[in-house]
Number of protein chains: 2
Amino acid sequence: MDVRTICLGILTHGDATGYEIKKLFEDDGYQHFVEASFGSIYPALNRLTDEGYVSVREESQEKRPDRKVYSITSTGRSAFIASLLKPLPEDRHRSPFVFAMLFADLLPPSRVSGMLDTYIEQVEQKFAHLNAHHAASQSDGEKFVSGFGRAVYVAILDFLHTHRAEVEKQQAAQAAE
Amino acid sequence: MDVRTICLGILTHGDATGYEIKKLFEDDGYQHFVEASFGSIYPALNRLTDEGYVSVREESQEKRPDRKVYSITSTGRSAFIASLLKPLPEDRHRSPFVFAMLFADLLPPSRVSGMLDTYIEQVEQKFAHLNAHHAASQSDGEKFVSGFGRAVYVAILDFLHTHRAEVEKQQAAQAAE
DNA sequence: GTCGATCTATATCGGACCTATATAGATCAC
DNA sequence: GTGATCTATATAGGTCCGATATAGATCGAC
């Protein structure tokens with residue numbers, strides 16, 4: 001899903017600056033299924049403004065840099081809903097860890113164990129992060145999305161805890177050859 | 001993980017053309033955790049060749065276009081292993097479906113149900129695809145990776161089957177308001 | 001006092017990658 | 001004959017990322 005559509009979606013939930021939109025990706029639950037960089041957020045917002053889907057006002061604040069607060073227009077809202085009515089792009093999952101596990105036989109057992117340790121730690125942190133945002137104030141949609149993410153992370157952790165010993169046994173056997 | 005590294009990894013398993021590498025992403029189990037387009041594979045292979053990590057030979061065949069078959073060099077192999085010894089990039093998961101579910105309240109119940117139908121169908125197809133490649137000839141690494149992917153897809157399907165009724169109930173309640 | 005880390009903010013450059021398309025030829029079904 | 005599908009290589013233009021820049025404030029370590 002393109003960054004312009006993502007920004008429109010976020011703005012249907014309320015006005016925001018480019019910086020705040022990026023923070024949603026880092027702090028709130030969004031990072032688990034969507035993401036965008038400053039390098040794409042700002043051009044996207046500028047373009048949405050040019051196209052009339054978004055309006056912008058500048059605010060100054062004390063001890064802080066000035067802000068540009070973006071609001072979705074009714075045109076923008078309609079466009080966003082229209083995009084949700086079309087077939088959605090398919091999920092994309094990229095996992096360097098999983099790809100690297102295909103080549104575990106090329107690596108020393110200690111490296112493979114280290115990779116597993118690091119990855120499990122990362123997934124546990126993401127899971128904890130998702131739990132920290134499982135607040136009672138969430139909307140139905142947010143509850144669904146949080147639950148979805150948690151289910152996936154739980155499955156990953158279960159799988160890794162279940163199969164780790166086997167992987168390490170294979171590594172040790174292979175290292176003995 | 002960048003496409004050059006991915007191509008190097010694939011070539012450690014045997015010589016391949018750019019087209020075959022792309023087919024691995026579509027037909028074999030790779031699509032579940034890694035992907036690259038022709039637009040990036042060919043420039044990557046050309047660059048790897050220029051840099052001495054890969055060598056190329058041209059082959060002609062009957063009734064088929066000529067092929068360029070790429071082989072990894074020992075320099076390339078060392079470079080690939082070196083990249084696996086460094087910290088790996090983190091996973092990236094992008095799901096337009098999950099993002100769209102945050103805005104289910106903006107949509108008619110029939111659209112949300114349709115989205116769920118389509119997504120479940122997609123995940124079921126991916127799961128079936130992964131099963132079709134669960135052959136006895138798989139390496140240990142491939143078995144691990146297949147098992148990982150299946151665990152994730154099972155978790156997703158379980159979650160969706162479990163929560164679908166609830167989502168649709170919320171949609172119906174909201175549509176009645 | 002200085003430096004680095006961290007934070008709030010906006011902005012952008014150059015490289016990486018994707019989508020769509022092009023070229024080429026073969027086979028098959030309508 | 002046309003379109004779909006397949007084997008193959010190739011690339012232009014658009015999108016996005018990572019790194020960086022600018023600006024200023026606060027805090028902690030040296």
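These numbers come from the heavy atoms of this one structure, side chains and all, not from hydrogens, waters or symmetry mates. Below, chains carry the letters A, B, ... as their sequence lines are ordered, and counting in each starts from 1.
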If you find the nucleotide of DNA chain C closest to A:Asp66 and the one closest to A:Gly39, which residue's nucleotide is nearer the 5' end? A:Asp66

Rounded to whole Å, the CZ-P distance (A:Arg92 to C:dC18) equals 7 Å

N or O in side chain of B:Ser40 less than 4.0 angstrom from C:dC18 OP1/OP2: yes

What's the closest nucleotide to the A:Ser37 side chain, out of C:dC18, C:dT10, D:dC17? D:dC17

B:Tyr42 ring center near B:Tyr70 ring center (under 6.0 Å): no

Separation of D:dC6 atom P from B:Arg64 atom CZ, nearest Å, is 11 Å

Which nucleotide, C:dT10, D:dT11, C:dC17, lies nearest any side-chain atom of B:Asp2? C:dC17

A:Glu20 CD to C:dA11 P, straight-line distance once rounded to whole Å: 14 Å

Against B:Arg164, only a single residue in B:Glu168, B:Glu166, B:His161 fulfils side chain to side chain donor-acceptor pair (under 3.5 Å); can you say which? B:Glu168

Measuring to OP1 and OP2 of C:dA16, would you say a side-chain N or O of B:Arg4 lies under 4.0 angstrom away? yes

Atom NZ of B:Lys22 and atom P of D:dA10 are separated, to the nearest Å, by 16 Å

Nearest-angstrom distance from the residue atom OH of B:Tyr19 to P of C:dT23: 18 Å

Does the side chain of A:Tyr42 get closer than 4.0 angstrom to OP1 or OP2 of C:dA11 through an N or O atom? no

Can you work out whether A:Ala44 or A:Pro65 has the more 5'-proximal nearest nucleotide on DNA chain D? A:Ala44

Which part of the nucleic acid, if any, lies within reach of B:Gly18 when heavy atoms closer than 4.0 Å are counted: base, sugar-phosphate only, or nothing? sugar-phosphate

Starting at the 5' end of DNA chain D, which residue's closest nucleotide do you reach first, A:Phe38 or B:Lys68? B:Lys68

Is a donor on one side and an acceptor on the other found under 3.5 Å between the side chain of A:Thr118 and the backbone of A:Met115? no

Taking atom C1' of C:dC18 as reference, at what distance in whole Å does atom CZ of B:Arg94 sit? 13 Å

Any side-chain N or O of B:Arg47 less than 4.0 Å from the OP1 or OP2 oxygen of C:dA16? yes

With distance as the sole test, does A:Arg4 use its side chain to make a donor-acceptor pair with the main-chain N or O of A:Pro43 at under 3.5 Å? no

Under 4.0 Å, heavy atoms only, any strand: does B:Thr17 hit a base, just the sugar-phosphate, or nothing? sugar-phosphate

Is A:Lys23 touching bases, backbone alone, or none of the nucleic acid, heavy atoms closer than 4.0 Å? sugar-phosphate

So that I can tick it off, tell me whether B:Asp15 and B:Arg57 are bridged by a salt bridge, with the cut-off set at under 4.0 angstrom between side-chain N and carboxylate O. yes

Starting from C1' on C:dC7, measure out to CD on A:Glu26 and report it in whole angstrom. 12 Å

Spacing between B:Glu90 atom CD and D:dG18 atom P, to the nearest angstrom: 11 Å

Just by distance, do the side chain of A:Arg67 and the backbone of A:Gly18 share a donor-acceptor pair under 3.5 Å? no

Heavy atoms from C-beta onward define the side chain here; which of D:dT7, C:dT8, C:dC17 lies closest to that of B:Val3? C:dC17

